[in-house]
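First the structure, in the form of C-alpha coordinates, and then the observations on it.
Chain naming here is simple, since letters A, B, ... match the order of the sequence lines and numbering starts at 1 in each.
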2 protein chains.
Amino acid sequence: MPDKAQAKPKSKAPKTPKPRAYHHGDLKAALVEAGARIVERDGVMALSLRRVAREAGVSQTAPYHHFTDKEALLAEIAATGFRDLSAEMEVRGSAIAGASPRLGALGTAYVLFATENPGRFRLMFGPLIGEKAAYPALLEASLSSYQMIRDAVAAYLEEIGPEEAGGDAENPEAATMAAWSLVHGLATLINDRGFNSEAMGAPDIETLTQQVTSYLRNGLGR
Amino acid sequence: MPDKAQAKPKSKAPKTPKPRAYHHGDLKAALVEAGARIVERDGVMALSLRRVAREAGVSQTAPYHHFTDKEALLAEIAATGFRDLSAEMEVRGSAIAGASPRLGALGTAYVLFATENPGRFRLMFGPLIGEKAAYPALLEASLSSYQMIRDAVAAYLEEIGPEEAGGDAENPEAATMAAWSLVHGLATLINDRGFNSEAMGAPDIETLTQQVTSYLRNGLGR
DNA sequence: CAGCTCATCTTGACGGCGTCAAGATTCTCC
DNA sequence: GGAGAATCTTGACGCCGTCAAGATGAGCTG
(Lines give C-alpha, C1' and ligand atoms only; values in the text may rest on other atoms or scores of the structure.)
Protein backbone atom coordinates (compact mmCIF):
# COMPACT_ATOMS: atom_id res chain seq x y z
CA MET A 1 0.00 0.00 0.00
CA PRO A 2 2.17 2.87 -1.18
CA ASP A 3 0.32 6.06 -0.78
CA LYS A 4 -1.47 6.44 2.39
CA ALA A 5 0.44 9.65 2.76
CA GLN A 6 -2.87 11.40 2.54
CA ALA A 7 -2.80 13.75 5.45
CA LYS A 8 -6.00 14.70 7.06
CA PRO A 9 -7.03 18.33 7.12
CA LYS A 10 -4.89 19.48 9.97
CA SER A 11 -6.36 22.91 9.66
CA LYS A 12 -7.82 22.61 13.10
CA ALA A 13 -9.09 20.45 15.85
CA PRO A 14 -6.59 18.67 18.02
CA LYS A 15 -9.27 16.01 18.26
CA THR A 16 -9.79 13.74 15.31
CA PRO A 17 -13.28 14.27 13.91
CA LYS A 18 -13.46 10.72 12.62
CA PRO A 19 -13.97 7.99 15.14
CA ARG A 20 -10.98 5.82 14.31
CA ALA A 21 -8.71 5.53 11.33
CA TYR A 22 -5.52 3.74 12.24
CA HIS A 23 -3.86 1.23 10.02
CA HIS A 24 -6.69 -0.18 8.07
CA GLY A 25 -9.21 2.57 8.08
CA ASP A 26 -12.22 1.01 9.69
CA LEU A 27 -11.55 -2.66 10.04
CA LYS A 28 -14.43 -3.28 12.40
CA ALA A 29 -17.03 -2.22 9.87
CA ALA A 30 -15.18 -4.05 7.10
CA LEU A 31 -15.29 -7.28 9.10
CA VAL A 32 -19.00 -6.97 9.76
CA GLU A 33 -19.62 -6.33 6.10
CA ALA A 34 -17.42 -9.22 4.98
CA GLY A 35 -19.13 -11.52 7.45
CA ALA A 36 -22.59 -10.56 6.24
CA ARG A 37 -21.47 -11.15 2.67
CA ILE A 38 -20.18 -14.62 3.48
CA VAL A 39 -23.31 -15.51 5.43
CA GLU A 40 -25.57 -14.62 2.54
CA ARG A 41 -23.35 -16.14 -0.12
CA ASP A 42 -22.34 -19.45 1.45
CA GLY A 43 -24.62 -19.90 4.42
CA VAL A 44 -24.32 -19.59 8.16
CA MET A 45 -22.25 -22.70 8.64
CA ALA A 46 -19.60 -21.54 6.17
CA LEU A 47 -18.78 -18.48 8.23
CA SER A 48 -15.51 -18.80 10.08
CA LEU A 49 -13.52 -16.09 11.72
CA ARG A 50 -10.47 -16.89 9.65
CA ARG A 51 -12.52 -16.68 6.47
CA VAL A 52 -13.90 -13.30 7.42
CA ALA A 53 -10.38 -12.07 8.12
CA ARG A 54 -9.16 -13.47 4.81
CA GLU A 55 -12.02 -11.78 2.96
CA ALA A 56 -11.16 -8.50 4.65
CA GLY A 57 -7.50 -8.88 3.75
CA VAL A 58 -6.08 -9.08 7.27
CA SER A 59 -4.52 -11.82 9.34
CA GLN A 60 -6.50 -14.35 11.33
CA THR A 61 -6.12 -12.72 14.68
CA ALA A 62 -6.76 -9.15 13.61
CA PRO A 63 -10.49 -9.41 14.44
CA TYR A 64 -9.63 -10.01 18.08
CA HIS A 65 -8.72 -6.35 18.42
CA HIS A 66 -12.32 -5.41 17.59
CA PHE A 67 -14.36 -8.35 18.87
CA THR A 68 -13.78 -10.42 21.96
CA ASP A 69 -14.53 -13.63 20.07
CA LYS A 70 -16.35 -15.04 17.09
CA GLU A 71 -19.74 -14.81 18.73
CA ALA A 72 -19.32 -11.09 19.27
CA LEU A 73 -18.78 -10.61 15.55
CA LEU A 74 -21.85 -12.72 14.80
CA ALA A 75 -23.84 -10.61 17.24
CA GLU A 76 -22.79 -7.46 15.44
CA ILE A 77 -23.81 -8.92 12.08
CA ALA A 78 -27.14 -9.94 13.57
CA ALA A 79 -27.61 -6.45 14.94
CA THR A 80 -27.22 -4.98 11.46
CA GLY A 81 -29.86 -7.46 10.38
CA PHE A 82 -32.34 -6.11 12.91
CA ARG A 83 -31.52 -2.56 11.87
CA ASP A 84 -32.11 -3.40 8.21
CA LEU A 85 -35.33 -5.18 9.15
CA SER A 86 -36.57 -2.12 11.00
CA ALA A 87 -35.60 0.07 8.06
CA GLU A 88 -37.50 -2.10 5.62
CA MET A 89 -40.58 -2.16 7.82
CA GLU A 90 -40.33 1.59 8.07
CA VAL A 91 -40.13 1.96 4.29
CA ARG A 92 -43.04 -0.33 3.58
CA GLY A 93 -45.25 0.76 6.44
CA SER A 94 -44.82 4.47 6.90
CA ALA A 95 -46.50 5.49 3.67
CA ILE A 96 -49.62 3.48 4.35
CA ALA A 97 -52.61 5.07 6.00
CA GLY A 98 -54.90 2.96 8.14
CA ALA A 99 -53.76 0.74 10.95
CA SER A 100 -54.97 -2.52 9.46
CA PRO A 101 -53.21 -2.34 6.09
CA ARG A 102 -50.19 -0.85 7.80
CA LEU A 103 -49.99 -3.86 10.07
CA GLY A 104 -50.20 -6.09 7.03
CA ALA A 105 -47.42 -4.12 5.35
CA LEU A 106 -45.17 -4.65 8.36
CA GLY A 107 -45.81 -8.37 8.20
CA THR A 108 -45.03 -8.46 4.51
CA ALA A 109 -41.84 -6.52 5.10
CA TYR A 110 -40.86 -8.97 7.82
CA VAL A 111 -41.34 -12.06 5.70
CA LEU A 112 -39.72 -10.47 2.67
CA PHE A 113 -36.68 -9.49 4.69
CA ALA A 114 -36.36 -13.04 5.97
CA THR A 115 -36.58 -14.57 2.52
CA GLU A 116 -34.27 -12.03 0.93
CA ASN A 117 -31.66 -12.27 3.68
CA PRO A 118 -31.96 -15.86 4.87
CA GLY A 119 -28.40 -16.02 6.15
CA ARG A 120 -28.67 -13.09 8.46
CA PHE A 121 -32.19 -14.07 9.46
CA ARG A 122 -30.91 -17.44 10.61
CA LEU A 123 -28.10 -15.69 12.41
CA MET A 124 -30.55 -13.36 14.17
CA PHE A 125 -32.69 -16.18 15.53
CA GLY A 126 -30.58 -19.29 15.20
CA PRO A 127 -28.52 -21.00 17.86
CA LEU A 128 -25.15 -19.68 16.70
CA ILE A 129 -25.40 -16.82 19.16
CA GLY A 130 -25.95 -18.44 22.50
CA GLU A 131 -26.96 -15.63 24.81
CA LYS A 132 -28.34 -12.91 22.60
CA ALA A 133 -29.12 -10.65 25.53
CA ALA A 134 -25.40 -10.52 26.34
CA TYR A 135 -24.79 -8.17 23.43
CA PRO A 136 -26.25 -4.71 24.06
CA ALA A 137 -26.19 -3.59 20.44
CA LEU A 138 -28.05 -6.73 19.37
CA LEU A 139 -30.53 -6.40 22.19
CA GLU A 140 -31.27 -2.79 21.41
CA ALA A 141 -31.69 -3.40 17.68
CA SER A 142 -34.04 -6.32 18.28
CA LEU A 143 -36.09 -4.39 20.82
CA SER A 144 -36.39 -1.58 18.31
CA SER A 145 -37.86 -3.97 15.74
CA TYR A 146 -40.17 -5.38 18.39
CA GLN A 147 -41.47 -1.96 19.29
CA MET A 148 -42.24 -1.12 15.67
CA ILE A 149 -44.56 -4.10 15.54
CA ARG A 150 -45.95 -3.33 18.96
CA ASP A 151 -46.80 0.22 17.99
CA ALA A 152 -48.56 -0.96 14.86
CA VAL A 153 -50.55 -3.53 16.83
CA ALA A 154 -51.47 -0.95 19.45
CA ALA A 155 -52.61 1.49 16.78
CA TYR A 156 -54.70 -1.25 15.22
CA LEU A 157 -56.30 -2.16 18.53
CA GLU A 158 -57.05 1.49 19.14
CA GLU A 159 -58.58 1.90 15.70
CA ILE A 160 -61.01 -0.97 16.05
CA GLY A 161 -62.09 0.39 19.39
CA PRO A 162 -62.09 -0.98 22.91
CA GLU A 163 -65.30 -2.97 22.60
CA GLU A 164 -63.80 -5.00 19.77
CA ALA A 165 -60.32 -5.27 21.17
CA GLY A 166 -61.39 -6.27 24.61
CA GLY A 167 -58.88 -5.71 27.34
CA ASP A 168 -56.05 -5.88 24.86
CA ALA A 169 -56.22 -2.23 23.98
CA GLU A 170 -54.46 -1.25 27.16
CA ASN A 171 -52.01 -4.13 27.14
CA PRO A 172 -51.09 -5.00 23.57
CA GLU A 173 -48.22 -7.29 24.52
CA ALA A 174 -50.07 -10.54 24.00
CA ALA A 175 -51.51 -9.40 20.70
CA THR A 176 -48.04 -8.25 19.65
CA MET A 177 -46.67 -11.64 20.57
CA ALA A 178 -49.31 -13.25 18.36
CA ALA A 179 -48.54 -10.96 15.44
CA TRP A 180 -44.79 -11.41 15.69
CA SER A 181 -45.16 -15.14 16.17
CA LEU A 182 -47.27 -15.46 13.07
CA VAL A 183 -44.93 -13.64 10.70
CA HIS A 184 -41.83 -15.04 12.33
CA GLY A 185 -43.07 -18.60 12.11
CA LEU A 186 -44.16 -18.09 8.54
CA ALA A 187 -40.78 -16.67 7.59
CA THR A 188 -38.96 -19.52 9.29
CA LEU A 189 -41.09 -22.19 7.69
CA ILE A 190 -40.68 -20.64 4.24
CA ASN A 191 -36.92 -20.40 4.63
CA ASP A 192 -36.59 -23.96 5.86
CA ARG A 193 -38.90 -25.15 3.14
CA GLY A 194 -38.36 -28.26 1.16
CA PHE A 195 -41.20 -29.60 3.23
CA ASN A 196 -44.00 -28.47 0.97
CA SER A 197 -44.25 -24.82 0.25
CA GLU A 198 -45.65 -25.04 -3.26
CA ALA A 199 -48.24 -27.57 -2.16
CA MET A 200 -50.51 -24.84 -0.93
CA GLY A 201 -52.19 -22.62 -3.38
CA ALA A 202 -50.20 -19.45 -2.86
CA PRO A 203 -48.38 -18.11 -5.87
CA ASP A 204 -45.78 -15.85 -4.27
CA ILE A 205 -44.56 -14.96 -0.84
CA GLU A 206 -46.26 -11.61 -0.65
CA THR A 207 -49.76 -12.91 -1.25
CA LEU A 208 -49.11 -15.91 0.95
CA THR A 209 -48.15 -13.58 3.76
CA GLN A 210 -51.26 -11.48 3.32
CA GLN A 211 -53.39 -14.59 3.14
CA VAL A 212 -51.94 -15.94 6.37
CA THR A 213 -51.93 -12.67 8.27
CA SER A 214 -55.51 -11.97 7.31
CA TYR A 215 -56.53 -14.78 9.63
CA LEU A 216 -54.97 -12.99 12.54
CA ARG A 217 -56.45 -9.62 11.65
CA ASN A 218 -59.89 -11.10 11.46
CA GLY A 219 -59.24 -12.74 14.76
CA LEU A 220 -57.91 -9.67 16.42
CA GLY A 221 -60.91 -7.65 15.29
CA ARG A 222 -63.20 -10.54 16.22
CA MET B 1 -0.04 -50.51 24.34
CA PRO B 2 0.15 -52.05 27.78
CA ASP B 3 -1.83 -55.12 28.30
CA LYS B 4 -5.34 -55.06 27.13
CA ALA B 5 -5.53 -58.70 27.95
CA GLN B 6 -8.86 -57.95 29.48
CA ALA B 7 -11.24 -60.78 29.02
CA LYS B 8 -13.52 -60.37 26.09
CA PRO B 9 -17.24 -60.25 26.45
CA LYS B 10 -18.11 -63.79 27.23
CA SER B 11 -21.79 -63.00 27.24
CA LYS B 12 -22.28 -64.98 24.13
CA ALA B 13 -25.85 -64.93 23.07
CA PRO B 14 -26.06 -67.50 20.33
CA LYS B 15 -28.81 -65.91 18.35
CA THR B 16 -29.37 -62.20 18.58
CA PRO B 17 -33.04 -61.45 18.66
CA LYS B 18 -32.25 -57.81 17.89
CA PRO B 19 -31.86 -56.71 14.31
CA ARG B 20 -28.11 -56.12 14.51
CA ALA B 21 -25.68 -56.76 17.31
CA TYR B 22 -22.15 -56.94 16.11
CA HIS B 23 -19.43 -55.54 18.26
CA HIS B 24 -21.21 -52.91 20.19
CA GLY B 25 -24.79 -53.99 20.21
CA ASP B 26 -26.62 -51.20 18.49
CA LEU B 27 -24.19 -48.39 18.08
CA LYS B 28 -26.34 -46.39 15.70
CA ALA B 29 -29.13 -45.96 18.22
CA ALA B 30 -26.59 -45.33 21.00
CA LEU B 31 -25.04 -42.52 18.98
CA VAL B 32 -28.38 -40.89 18.33
CA GLU B 33 -29.24 -41.13 21.98
CA ALA B 34 -25.88 -39.76 23.11
CA GLY B 35 -26.16 -36.92 20.63
CA ALA B 36 -29.62 -35.98 21.84
CA ARG B 37 -28.34 -36.04 25.40
CA ILE B 38 -25.46 -33.72 24.60
CA VAL B 39 -27.69 -31.36 22.64
CA GLU B 40 -30.10 -30.98 25.52
CA ARG B 41 -27.42 -30.81 28.21
CA ASP B 42 -24.85 -28.50 26.63
CA GLY B 43 -26.58 -26.93 23.66
CA VAL B 44 -26.48 -27.36 19.95
CA MET B 45 -23.10 -25.73 19.46
CA ALA B 46 -21.43 -28.10 21.93
CA LEU B 47 -22.30 -31.14 19.85
CA SER B 48 -19.31 -32.55 17.99
CA LEU B 49 -19.01 -35.89 16.34
CA ARG B 50 -15.96 -36.78 18.41
CA ARG B 51 -17.81 -35.91 21.58
CA VAL B 52 -20.74 -38.10 20.66
CA ALA B 53 -18.36 -40.95 19.95
CA ARG B 54 -16.59 -40.39 23.27
CA GLU B 55 -19.91 -40.37 25.11
CA ALA B 56 -20.85 -43.62 23.43
CA GLY B 57 -17.51 -45.16 24.32
CA VAL B 58 -16.19 -45.72 20.81
CA SER B 59 -13.47 -44.18 18.73
CA GLN B 60 -13.86 -40.98 16.74
CA THR B 61 -14.38 -42.59 13.38
CA ALA B 62 -16.75 -45.31 14.47
CA PRO B 63 -19.83 -43.18 13.65
CA TYR B 64 -18.79 -43.13 10.00
CA HIS B 65 -19.91 -46.71 9.68
CA HIS B 66 -23.47 -45.68 10.49
CA PHE B 67 -23.72 -42.10 9.21
CA THR B 68 -22.14 -40.63 6.12
CA ASP B 69 -21.14 -37.50 8.00
CA LYS B 70 -21.98 -35.35 10.99
CA GLU B 71 -25.01 -33.78 9.33
CA ALA B 72 -26.55 -37.20 8.80
CA LEU B 73 -26.34 -37.88 12.53
CA LEU B 74 -27.87 -34.49 13.28
CA ALA B 75 -30.67 -35.29 10.83
CA GLU B 76 -31.38 -38.54 12.64
CA ILE B 77 -31.51 -36.75 16.00
CA ALA B 78 -33.84 -34.17 14.50
CA ALA B 79 -36.04 -36.93 13.13
CA THR B 80 -36.45 -38.40 16.60
CA GLY B 81 -37.46 -34.91 17.67
CA PHE B 82 -40.26 -34.82 15.15
CA ARG B 83 -41.39 -38.28 16.18
CA ASP B 84 -41.47 -37.25 19.83
CA LEU B 85 -43.31 -34.08 18.91
CA SER B 86 -45.95 -36.07 17.05
CA ALA B 87 -46.25 -38.44 20.00
CA GLU B 88 -46.77 -35.61 22.44
CA MET B 89 -49.38 -34.00 20.23
CA GLU B 90 -51.08 -37.35 19.98
CA VAL B 91 -51.12 -37.75 23.75
CA ARG B 92 -52.43 -34.30 24.45
CA GLY B 93 -54.89 -34.10 21.60
CA SER B 94 -56.43 -37.49 21.15
CA ALA B 95 -58.39 -37.51 24.39
CA ILE B 96 -60.02 -34.19 23.69
CA ALA B 97 -63.39 -34.00 22.05
CA GLY B 98 -64.29 -31.04 19.91
CA ALA B 99 -62.17 -29.73 17.09
CA SER B 100 -61.53 -26.31 18.57
CA PRO B 101 -60.11 -27.36 21.94
CA ARG B 102 -58.29 -30.19 20.24
CA LEU B 103 -56.57 -27.70 17.95
CA GLY B 104 -55.61 -25.70 21.01
CA ALA B 105 -54.24 -28.80 22.68
CA LEU B 106 -52.03 -29.50 19.68
CA GLY B 107 -50.69 -25.97 19.84
CA THR B 108 -49.98 -26.30 23.53
CA ALA B 109 -48.21 -29.59 22.95
CA TYR B 110 -46.13 -28.00 20.22
CA VAL B 111 -44.96 -25.09 22.35
CA LEU B 112 -44.38 -27.30 25.37
CA PHE B 113 -42.26 -29.70 23.36
CA ALA B 114 -40.17 -26.80 22.09
CA THR B 115 -39.60 -25.38 25.55
CA GLU B 116 -38.90 -28.74 27.13
CA ASN B 117 -36.53 -29.87 24.37
CA PRO B 118 -34.96 -26.63 23.20
CA GLY B 119 -31.81 -28.31 21.92
CA ARG B 120 -33.55 -30.71 19.61
CA PHE B 121 -36.06 -28.05 18.60
CA ARG B 122 -33.23 -25.81 17.46
CA LEU B 123 -31.72 -28.74 15.65
CA MET B 124 -35.01 -29.49 13.90
CA PHE B 125 -35.39 -25.99 12.54
CA GLY B 126 -32.00 -24.36 12.90
CA PRO B 127 -29.34 -23.96 10.25
CA LEU B 128 -27.13 -26.81 11.40
CA ILE B 129 -28.81 -29.15 8.93
CA GLY B 130 -28.43 -27.46 5.58
CA GLU B 131 -30.75 -29.36 3.28
CA LYS B 132 -33.34 -30.99 5.46
CA ALA B 133 -35.15 -32.53 2.53
CA ALA B 134 -32.03 -34.54 1.73
CA TYR B 135 -32.72 -36.90 4.64
CA PRO B 136 -35.74 -39.11 4.00
CA ALA B 137 -36.28 -40.09 7.63
CA LEU B 138 -36.25 -36.47 8.69
CA LEU B 139 -38.54 -35.46 5.86
CA GLU B 140 -41.03 -38.19 6.65
CA ALA B 141 -41.09 -37.45 10.36
CA SER B 142 -41.61 -33.75 9.78
CA LEU B 143 -44.36 -34.37 7.24
CA SER B 144 -46.07 -36.62 9.74
CA SER B 145 -46.10 -33.82 12.31
CA TYR B 146 -47.36 -31.44 9.66
CA GLN B 147 -50.23 -33.70 8.75
CA MET B 148 -51.32 -34.02 12.36
CA ILE B 149 -51.79 -30.27 12.49
CA ARG B 150 -53.37 -30.24 9.06
CA ASP B 151 -55.92 -32.84 10.04
CA ALA B 152 -56.84 -30.94 13.17
CA VAL B 153 -57.21 -27.72 11.20
CA ALA B 154 -59.32 -29.46 8.59
CA ALA B 155 -61.56 -30.95 11.26
CA TYR B 156 -61.95 -27.55 12.82
CA LEU B 157 -62.85 -25.94 9.50
CA GLU B 158 -65.37 -28.67 8.91
CA GLU B 159 -66.87 -28.26 12.34
CA ILE B 160 -67.50 -24.56 12.00
CA GLY B 161 -69.11 -25.18 8.67
CA PRO B 162 -68.40 -24.00 5.16
CA GLU B 163 -70.15 -20.66 5.45
CA GLU B 164 -67.83 -19.72 8.29
CA ALA B 165 -64.70 -21.23 6.88
CA GLY B 166 -65.13 -19.79 3.44
CA GLY B 167 -63.24 -21.58 0.70
CA ASP B 168 -60.72 -22.88 3.19
CA ALA B 169 -62.73 -25.92 4.07
CA GLU B 170 -61.72 -27.68 0.88
CA ASN B 171 -58.13 -26.46 0.90
CA PRO B 172 -56.91 -26.17 4.46
CA GLU B 173 -53.26 -25.69 3.51
CA ALA B 174 -53.21 -21.94 4.03
CA ALA B 175 -55.04 -22.18 7.34
CA THR B 176 -52.63 -24.94 8.39
CA MET B 177 -49.72 -22.74 7.47
CA ALA B 178 -51.16 -20.01 9.67
CA ALA B 179 -51.67 -22.36 12.60
CA TRP B 180 -48.24 -23.89 12.35
CA SER B 181 -46.63 -20.50 11.87
CA LEU B 182 -48.30 -19.14 14.97
CA VAL B 183 -47.22 -21.89 17.34
CA HIS B 184 -43.83 -22.28 15.72
CA GLY B 185 -43.08 -18.59 15.93
CA LEU B 186 -44.28 -18.48 19.51
CA ALA B 187 -42.10 -21.42 20.46
CA THR B 188 -39.08 -19.90 18.76
CA LEU B 189 -39.55 -16.52 20.38
CA ILE B 190 -40.01 -18.07 23.80
CA ASN B 191 -36.89 -20.19 23.44
CA ASP B 192 -34.78 -17.30 22.22
CA ARG B 193 -36.17 -15.09 24.90
CA GLY B 194 -34.11 -12.75 26.98
CA PHE B 195 -35.74 -10.09 24.89
CA ASN B 196 -38.80 -9.63 27.07
CA SER B 197 -40.94 -12.60 27.77
CA GLU B 198 -42.02 -11.71 31.26
CA ALA B 199 -42.96 -8.21 30.17
CA MET B 200 -46.31 -9.40 28.93
CA GLY B 201 -48.91 -10.46 31.39
CA ALA B 202 -48.80 -14.20 30.89
CA PRO B 203 -47.90 -16.29 33.90
CA ASP B 204 -46.84 -19.56 32.31
CA ILE B 205 -46.24 -20.95 28.87
CA GLU B 206 -49.43 -22.95 28.69
CA THR B 207 -51.77 -20.04 29.28
CA LEU B 208 -49.66 -17.81 27.08
CA THR B 209 -50.04 -20.30 24.27
CA GLN B 210 -53.77 -20.52 24.71
CA GLN B 211 -53.99 -16.76 24.89
CA VAL B 212 -52.07 -16.33 21.67
CA THR B 213 -53.73 -19.14 19.75
CA SER B 214 -57.17 -17.90 20.71
CA TYR B 215 -56.59 -14.97 18.41
CA LEU B 216 -56.18 -17.30 15.50
CA ARG B 217 -59.20 -19.42 16.39
CA ASN B 218 -61.36 -16.36 16.56
CA GLY B 219 -59.95 -15.33 13.23
CA LEU B 220 -60.40 -18.69 11.62
CA GLY B 221 -64.01 -18.82 12.74
CA ARG B 222 -65.00 -15.55 11.14
C1' DC C 1 11.73 16.90 16.29
C1' DA C 2 12.41 13.13 19.92
C1' DG C 3 10.52 9.89 22.39
C1' DC C 4 6.94 7.58 24.85
C1' DT C 5 2.70 5.04 24.85
C1' DC C 6 -0.69 2.46 23.21
C1' DA C 7 -3.84 0.74 19.75
C1' DT C 8 -3.33 -2.08 15.85
C1' DC C 9 -1.83 -5.92 13.21
C1' DT C 10 1.38 -9.98 12.44
C1' DT C 11 3.59 -14.60 13.07
C1' DG C 12 3.58 -18.84 15.47
C1' DA C 13 1.66 -22.23 18.14
C1' DC C 14 -1.85 -25.37 20.70
C1' DG C 15 -5.69 -28.32 21.07
C1' DG C 16 -10.13 -29.63 19.00
C1' DC C 17 -12.71 -30.46 15.03
C1' DG C 18 -14.52 -33.24 10.58
C1' DT C 19 -12.97 -36.60 7.69
C1' DC C 20 -10.06 -39.82 4.87
C1' DA C 21 -6.85 -43.98 4.48
C1' DA C 22 -5.30 -48.22 6.06
C1' DG C 23 -5.21 -51.90 9.15
C1' DA C 24 -7.24 -54.92 12.77
C1' DT C 25 -11.15 -57.48 14.69
C1' DT C 26 -15.37 -60.01 14.62
C1' DC C 27 -19.73 -61.50 12.66
C1' DT C 28 -22.33 -64.19 9.01
C1' DC C 29 -22.82 -67.65 5.90
C1' DC C 30 -21.59 -71.55 3.25
C1' DG D 1 -13.47 -73.80 9.16
C1' DG D 2 -12.67 -70.53 5.88
C1' DA D 3 -14.12 -66.47 2.83
C1' DG D 4 -15.97 -62.19 2.72
C1' DA D 5 -18.23 -58.45 4.57
C1' DA D 6 -19.34 -55.54 8.39
C1' DT D 7 -17.48 -53.16 12.26
C1' DC D 8 -14.17 -50.65 14.84
C1' DT D 9 -9.31 -48.67 15.64
C1' DT D 10 -5.05 -45.96 14.87
C1' DG D 11 -2.97 -42.31 12.46
C1' DA D 12 -2.88 -38.39 9.78
C1' DC D 13 -4.35 -33.96 7.17
C1' DG D 14 -6.11 -29.44 6.97
C1' DC D 15 -9.25 -26.04 9.00
C1' DC D 16 -10.93 -23.96 13.03
C1' DG D 17 -11.00 -20.69 17.45
C1' DT D 18 -7.93 -18.62 20.35
C1' DC D 19 -3.73 -17.39 23.13
C1' DA D 20 1.17 -15.48 23.51
C1' DA D 21 4.69 -12.62 21.92
C1' DG D 22 6.54 -9.50 18.85
C1' DA D 23 6.40 -5.82 15.09
C1' DT D 24 4.40 -1.48 13.29
C1' DG D 25 2.58 2.86 13.17
C1' DA D 26 -0.45 6.82 15.23
C1' DG D 27 -1.03 10.35 18.45
C1' DC D 28 0.48 12.88 22.58
C1' DT D 29 3.83 15.41 25.38
C1' DG D 30 7.94 17.93 25.75
Side-chain angles (χ1 to χ4, degrees), chain A residues 1-10 12-31 34-35 38 42-75 128-130, chain B residues 1-2 4-31 34-35 38 42-75 128-130:
Chain A
M1 297 342 200
D3 105 324
K4 79 270 225 137
Q6 182 63 270
K8 41 189 62 131
K10 46 93 153 207
K12 49 142 258 33
K15 301 301 181 100
T16 69
K18 310 184 145 210
R20 285 286 146 118
Y22 289 95
H23 300 61
H24 176 281
D26 193 356
L27 181 58
K28 183 167 183 175
L31 290 170
I38 291 174
D42 304 319
V44 184
M45 298 313 291
L47 186 139
S48 77
L49 206 48
R50 293 167 105 110
R51 197 125 113 78
V52 173
R54 233 176 285 134
E55 181 120 345
V58 294
S59 104
Q60 344 161 0
T61 55
Y64 282 91
H65 293 269
H66 302 278
F67 304 96
T68 65
D69 56 2
K70 180 187 179 182
E71 213 179 66
L73 171 59
L74 297 185
L128 288 187
I129 302 172
Chain B
M1 301 348 167
K4 74 212 286 80
Q6 188 56 265
K8 346 186 108 73
K10 40 59 166 221
S11 64
K12 182 63 182 126
K15 289 304 184 173
T16 64
K18 311 184 150 210
R20 286 283 147 118
Y22 290 96
H23 301 61
H24 175 280
D26 193 355
L27 182 57
K28 184 167 181 175
L31 290 170
I38 292 174
D42 304 319
V44 184
M45 297 313 292
L47 186 139
S48 76
L49 206 48
R50 293 167 104 109
R51 197 126 114 78
V52 174
R54 232 177 284 134
E55 182 121 345
V58 294
S59 104
Q60 345 164 354
T61 55
Y64 284 91
H65 293 269
H66 302 277
F67 304 96
T68 64
D69 55 3
K70 180 186 180 184
E71 215 180 63
L73 171 60
L74 298 186
L128 288 187
I129 303 171

Along DNA chain C (nearest heavy atom to each residue), the more 5'-positioned of B/Asp69 and A/Ala62: A/Ala62
Any heavy-atom pair between the side chains of A/Leu74 and A/Leu47 that's under 4.5 Å? yes
Side chain of B/Val58: nearest nucleotide among D/dT18, C/dC9, D/dT9? D/dT9
Would a 4.5 Å heavy-atom cut-off, applied to side chains only, mark A/Asp42 and A/Arg51 as touching? yes
Nearest whole angstrom, please: distance from the P of C/dC20 to the CZ of B/Phe67. 16 Å
Any idea which of D/dT10, C/dG18, D/dC8 is nearest the B/Tyr64 side chain? C/dG18
Let's see if you can work this out: which of D/dT10, D/dC16, C/dC17 has an atom nearest to the side-chain heavy atoms of A/Arg51? D/dC16
Whole Å only: how far is the CD atom of A/Glu55 from the P atom of D/dC15? 17 Å
From the options C/dG18, C/dC9, D/dG17, select the nucleotide whose nearest atom is closest to the side chain of A/His65. C/dC9
D/dG17 C1' sits how many Å from A/Leu47 CG, rounded? 13 Å
Let me know the distance between CZ of A/Arg50 and P of D/dG14, rounded to the nearest Å. 14 Å
Rounded distance (Å) that lies between atom P of C/dC20 and atom CD of B/Gln60: 14 Å
Nearest to side-chain heavy atoms of B/Leu49, which nucleotide of C/dG18, D/dG17, C/dC9: C/dG18
Working note: A/Leu49 + A/Gln60, criterion side chain to side chain contact (heavy atoms under 4.5 Å, CB included); need CA distance, chi angles, decisive distance, verdict. CA-CA 7 Å; A/Leu49 206 48; A/Gln60 344 161 0; over 6 Å; no
hbond_proxy B/Ser59 side chain to D/dT10 base (donor-acceptor, 3.5 Å cutoff): no
Rounded to whole angstrom units, what separation is found between the CG atom of B/Leu74 and the P atom of C/dC17? 14 Å
So which nucleotide from C/dC9, D/dC8, D/dT18 ends up closest to the side chain of A/Lys70? D/dT18
Nearest of C/dT11, D/dC8, C/dT8 to any side-chain atom of A/His66? C/dT8
Phosphate contact (D/dC16 OP1 or OP2) by A/Ser48 side-chain N/O below 4.0 Å: yes
Taking atom P of D/dT18 as reference, at what distance in whole Å does atom CG of A/Leu73 sit? 11 Å
A/Arg54 side chain N/O closer than 4.0 Å to the phosphate oxygens (OP1, OP2) of D/dC15? no
Here the pair of heavy atoms bringing B/Ala62 nearest to B/Leu27 is CB-CD2, 4.1 Å
For the pair made of CG in A/Leu31 and C1' in C/dT8, what is the distance, rounded to whole Å? 12 Å
Paired with A/Pro63, the side chain to side chain contact (heavy atoms under 4.5 Å, CB included) test is passed by just one of A/Asp69, A/Leu31, A/Val52, namely A/Leu31
